[in-house]
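The structure appears right after this line, and notes come after that.
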Amino acid sequence: MPALDTNVLGRYVVQDDKVQLASAKRLIRKCVSAGQTLFVPVTVTLEFEWVLRASFGYAKDEVMQALSSLFSAAELTFESERALEVALQLYRKGSADFADCLHIALVAQAGELPMWTFDKRAANVSGAESLGRCPS
């Protein structure tokens with residue numbers, strides 16, 4: 001199964017470069033016509049979320065909408081899809097960033113809770129525990 005890098009997924013969603021968008025669409029159409037789905041590694045999904053926020057100024061609700069749309073796309077298969085869906089739910093409900101929510105969801109999927117953290121916002125997510133301040 002062919003896989004997508006962050007930049008291809010980004011061009012397909014953001015549509016900021018006509019030439020690269022056309023190439024991404026051709027690739028997706030070609031794979032779908034051949035009966036193939038496109039694989040998206042969990043690391044690409046994590047980087048994609050960051051790119052939407054950092055490079056394109058997407059707000060949290062726009063990021064959630066973009067990710068939700070991709071997760072429901074029949075032509076895409078996501079690594080650790082269940083953990084990504086859980087991470088999106090955690091992200092929607094709380095103040096922790098998507099990366100921390102994904103870390104916690106993957107830890108929970110592995111059955112290795114809790115996830116210890118110094119991050120106060122992440123510590124408020126179910127499955128995480130605050131380690132507090134580091135002793136001097």
Quiz: residues 45-52 side-chain donor-acceptor pairs under 3.5 angstrom, not counting sequence neighbours:
from: Thr45; atom 1: OG1; to: Pro41; atom 2: O; distance (Å): 3.3
from: Glu47; atom 1: OE1; to: Thr6; atom 2: OG1; distance (Å): 2.5
from: Glu49; atom 1: OE1; to: Arg53; atom 2: NE; distance (Å): 3.4
from: Glu49; atom 1: OE1; to: Arg53; atom 2: NH2; distance (Å): 3.4
from: Glu49; atom 1: OE2; to: Arg53; atom 2: NE; distance (Å): 2.5

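- Criterion: ILVMFWY side-chain heavy atoms under 4.5 Å apart, direct or through other members. Under it, Leu70 and Val32 are part of a common hydrophobic cluster.
- Cluster membership check: Phe56 shares its hydrophobic cluster with Val13, using side-chain heavy-atom separations under 4.5 Å among Ile, Leu, Val, Met, Phe, Trp and Tyr.
- Side-chain contact between Asp100 and Thr117 is absent, with no heavy atoms from C-beta onward closer than 4.5 Å.
- The shortest distance between side-chain heavy atoms of Val63 and Phe98 does not fall below 4.5 Å.
- Contacts of Ser69 classified as side-chain hydrogen bond (donor to acceptor under 3.5 Å, both in side chains), with partners at least two apart in sequence or in another chain: Gln65.
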Give the intermediate values and the outcome of side-chain contact (heavy atoms from CB on, under 4.5 Å) for residues Thr77 and Leu38. CA-CA 6 Å; Thr77 299; Leu38 293 150; over 6 Å; no
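- Between Ser130 and Lys120, the closest side-chain pair of non-hydrogen atoms is not below 4.5 Å.
- Considering only heavy atoms from C-beta on, Leu4 stays 4.5 Å or farther from Val44 through its side chain.
- Between the side chain of Lys60 and the backbone N or O of Tyr91 there is at least one donor-acceptor pair closer than 3.5 Å.
- Between the side chain of Asp119 and the backbone N or O of Ala122, at least one donor-acceptor pair lies under 3.5 Å.
- Contact record, Phe78 with Phe39: C-CE1, 4.4 Å, taken as the closest heavy-atom pair.
- Between Pro2 and Gln36 there is a side-chain heavy-atom pair separated by less than 4.5 Å.
- Counting heavy atoms from C-beta outward, Leu21 and Val14 have side chains that stay 4.5 Å or more apart.
- With values rounded to the nearest 0.5 angstrom, Ser72 atom OG is found 9.5 Å from Glu85 atom CD.
- Across Glu129 and Pro114, no two heavy atoms sit closer than the pair CG-CB, 3.4 Å.
- Summarising the geometry of Ser23 relative to Arg26, their closest heavy-atom pair is OG-NH2, 3.1 Å, with the distance given to 0.1 Å.
- The shortest distance between side-chain heavy atoms of His103 and Met115 falls below 4.5 Å.
- With Glu79 contributing its side chain and Val42 its backbone, the two residues share a donor-acceptor pair below 3.5 Å.
- Taking both residues in full, the closest heavy atoms of Leu102 and Ala83 are given as CD1-O, 4.2 Å, listed atom of the first, atom of the second, then distance.
- Separating the CG atom in Asn7 from the CD atom in Gln20 is a distance of 7.0 Å, to the nearest 0.5 Å.
- For the atom pair CD1 of Ile104 and CD of Glu112, the computed distance is 14.5 Å after rounding to the nearest 0.5 Å.
- Nearest approach of Cys101 to Ala87, heavy atoms of both residues: CB-O, 3.5 Å.
- Note that CG of Leu106 and CZ of Arg82 are 12.5 Å apart. Values are rounded to the nearest 0.5 Å.
- Tyr58 and Leu9 fall within a single hydrophobic cluster, where Ile, Leu, Val, Met, Phe, Trp and Tyr side chains are chained together by heavy-atom contacts under 4.5 Å.
- Proximity of Thr37 to Cys31: side-chain heavy atoms (C-beta onward) are nowhere separated by under 4.5 Å.
- Annotation: the span from Tyr12 atom OH to Asp17 atom CG amounts to 15.5 Å, rounded to 0.5 Å.
- Taking CD of Gln109 as the reference point, atom CG of Leu84 lies at 8.5 Å (rounded to 0.5 Å).
- Using a 4.0 Å cut-off between a side-chain N of Lys or Arg and a carboxylate O of Asp or Glu, Arg11 and Asp16 qualify as a salt bridge.
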